[in-house]
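Here is the structure we will look at.
Given the structure is predicted, the values throughout are model-derived calculations rather than measurements. Residue numbering restarts at 1 for every chain, and letters A, B, ... go by the order of the sequence lines.
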Protein chains: 2
Amino acid sequence: MRTIVNQPEVFLRQKGIKASFQRVRIFDYLQNSREHPSVSKIFEDLHPHIPSLSRATVYNTINLFLEKHLVIPVPVEGTEARYDLSEPIHAHFFCTGCGQIFDIDTKAFPLPAELKDFDVTETHVLFKGQCPQCVGKTSS
Amino acid sequence: MRTIVNQPEVFLRQKGIKASFQRVRIFDYLQNSREHPSVSKIFEDLHPHIPSLSRATVYNTINLFLEKHLVIPVPVEGTEARYDLSEPIHAHFFCTGCGQIFDIDTKAFPLPAELKDFDVTETHVLFKGQCPQCVGKTSS
DNA sequence: ATTCTTGCAAATCATTTGCACTTTA
DNA sequence: TAAAGTGCAAATGATTTGCAAGAAT
């Protein structure tokens, strides 16, 4: 269960990020989105409400959030990067039918013995297939 | 442990793929590579030996191999796709220091109950961090 | 006033496409 | 010789960069 930050400006400052209008809006968007959005999606959804917003600013902001570890890239292959707020370990399910990415609760993955000399900082588990809404539909 | 195909032309035909010179070379390259290479890497390594080779052919071939399920994309974020020959389930470790991707043997990941109505066709486990060679070095 | 942020446009990089030429069954 | 494969160059799409103008401290 995600913890919603209700004072994003304070939260951003604590992370060493100056809380500009655009950054707060993008952070709010990420908090309220469950779709692990791409930069394009963020831009297209916010642009109508912030007409002056530029794609470059969304890229700048996401890259800043990445540096400060507020967001992580969801490791799905494909041409467009998708992002998620950093959270305790959880898995993702990527639907090859509709492209949605679902959060899946899961216990921590037991670390294989092979990795004992590695410094493991992140674990990602990705399932792929069809979600219940897509299972019925043709898949040709 | 990977099974090496020593008659790639026969193998490709069995998969319904016409065994052109370039395709056999690219398949051989994938078999002998342990680096989960990108298209650029494949191209740059083969080009000196096959001067006529074109990047487009490498893309065509990889896309064909993907269709025929000979290779799978390794789901790491980043701007360049990386590929692996299809294999029984295993995990990957991505080193944020040197960019190497290691194969890690692992038991099948137990399917979370949440996914009972999903059609799960693939499971990917990705660990990230620093490999033993990079752990010592500065990380600023 | 200095520093950081934004927004535009141009640049870059990965990937795809269109098409003419070559290979091969 | 028809069908499929290759290679080049141009097109597309995502992302980054350079820079001038704007906002914040």
Side-chain angles (χ1 to χ4, degrees), chain A residues 8-10 12-13 15-29 35-68 70-83 99, chain B residues 8-10 12-29 35-68 70-83 99 101:
Chain A
E9 322 208 346
V10 175
L12 292 178
R13 290 229 179 68
K15 298 283 180 174
I17 296 171
K18 208 172 279 186
S20 78
F21 175 74
Q22 290 87 336
R23 288 171 180 173
V24 171
R25 284 306 192 82
I26 291 169
F27 182 79
D28 275 340
Y29 180 87
E35 2 181 6
H36 310 77
S38 62
V39 165
S40 294
K41 187 75 170 65
I42 299 170
F43 175 77
E44 278 146 29
D45 286 351
L46 287 181
H47 189 234
H49 305 107
I50 314 172
S52 75
L53 184 66
S54 149
R55 268 196 161 74
T57 297
V58 181
Y59 278 106
N60 286 340
T61 300
I62 288 292
N63 285 335
L64 178 65
F65 286 0
L66 283 169
E67 259 174 49
K68 301 292 187 180
L70 260 68
V71 304
I72 50 171
V74 179
V76 284
E77 80 282 353
T79 178
E80 233 187 343
R82 309 269 297 257
Y83 301 96
Chain B
E9 321 208 346
V10 175
L12 292 178
R13 290 229 178 68
Q14 283 169 357
K15 297 282 180 174
I17 295 170
K18 208 172 277 187
S20 78
F21 176 73
Q22 291 87 336
R23 288 171 180 174
V24 171
R25 285 307 192 82
I26 291 169
F27 182 79
D28 276 339
Y29 180 87
E35 3 182 5
H36 310 77
S38 63
V39 165
S40 294
K41 187 74 170 64
I42 299 171
F43 175 77
E44 278 147 29
D45 287 349
L46 287 180
H47 190 234
H49 305 108
I50 314 173
S52 76
L53 184 66
S54 150
R55 269 196 161 74
T57 296
V58 182
Y59 277 106
N60 287 340
T61 301
I62 289 292
N63 285 335
L64 178 65
F65 286 180
L66 283 169
E67 259 173 50
K68 301 292 187 179
L70 261 69
V71 305
I72 51 171
V74 179
V76 283
E77 80 282 353
T79 178
E80 234 187 342
R82 308 269 298 258
Y83 301 96
I101 298 176

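At a threshold of 4.5 Å between non-hydrogen side-chain atoms, the residues B:Leu46 and B:Val58 do not count as touching. Side-chain contact between A:Phe65 and A:Leu12 is present, with heavy atoms from C-beta onward closer than 4.5 Å.
Rounding to whole angstrom units, CD1 of residue B:Ile62 and C1' of D:dG5 are separated by 16 Å. When rounded to the nearest whole Å, the span between CZ of A:Arg23 and P of D:dA23 equals 15 Å. For the pair B:Glu67 CD and D:dA4 C1', the interatomic distance rounds to 14 Å; values are reported in whole Å. For the pair B:Leu12 CG and D:dA4 C1', the interatomic distance rounds to 15 Å; values are reported in whole Å. In this structure, CZ of B:Phe27 is placed 19 Å from C1' of D:dG5, rounded to the nearest angstrom.
Within residues 44-59 of chain B, the residues approached by DNA chain C to less than 4.0 Å at the level of any non-hydrogen atom are B:Ala56, B:Tyr59, in residue-number order.
Taking CZ from A:Arg23 and CG from A:Leu64, the interatomic distance works out to 5.0 Å, rounded to the nearest 0.5 Å. Atom CG in B:Leu66 sits 11.0 Å away from atom OG1 in B:Thr61 (nearest 0.5 Å). Interatomic distance, CG of A:Asp45 versus CD1 of A:Ile26, reported as 12.0 Å (0.5 Å rounding). The distance from atom CZ of B:Arg55 to atom CD of B:Glu44, rounded to the nearest 0.5 Å, is 5.5 Å.
You can see that DNA chain C meets the heavy atoms of chain B within a 4.0 Å-exclusive cut from C:dA14 to C:dT17, reading 5' to 3'.
Side-chain atoms of A:Arg82 do not come within 3.5 Å of backbone N or O of A:Val74 as any donor-acceptor pair.
Heavy-atom distances to DNA chain C give each of B:Lys18 and B:Val39 a nearest nucleotide, and the one nearer the 5′ end belongs to B:Val39. Two residues, B:Ile17 and A:Tyr83, neighbour DNA chain D, and the one matched to the more 5' nucleotide by heavy-atom proximity is B:Ile17.
The side chain of A:Gln22 places no N or O atom within less than 4.0 Å of a non-bridging phosphate oxygen (OP1 or OP2) of D:dA23.
Between A:His47 and A:Leu53, the closest heavy-atom pair is CD2-O, 3.5 Å.
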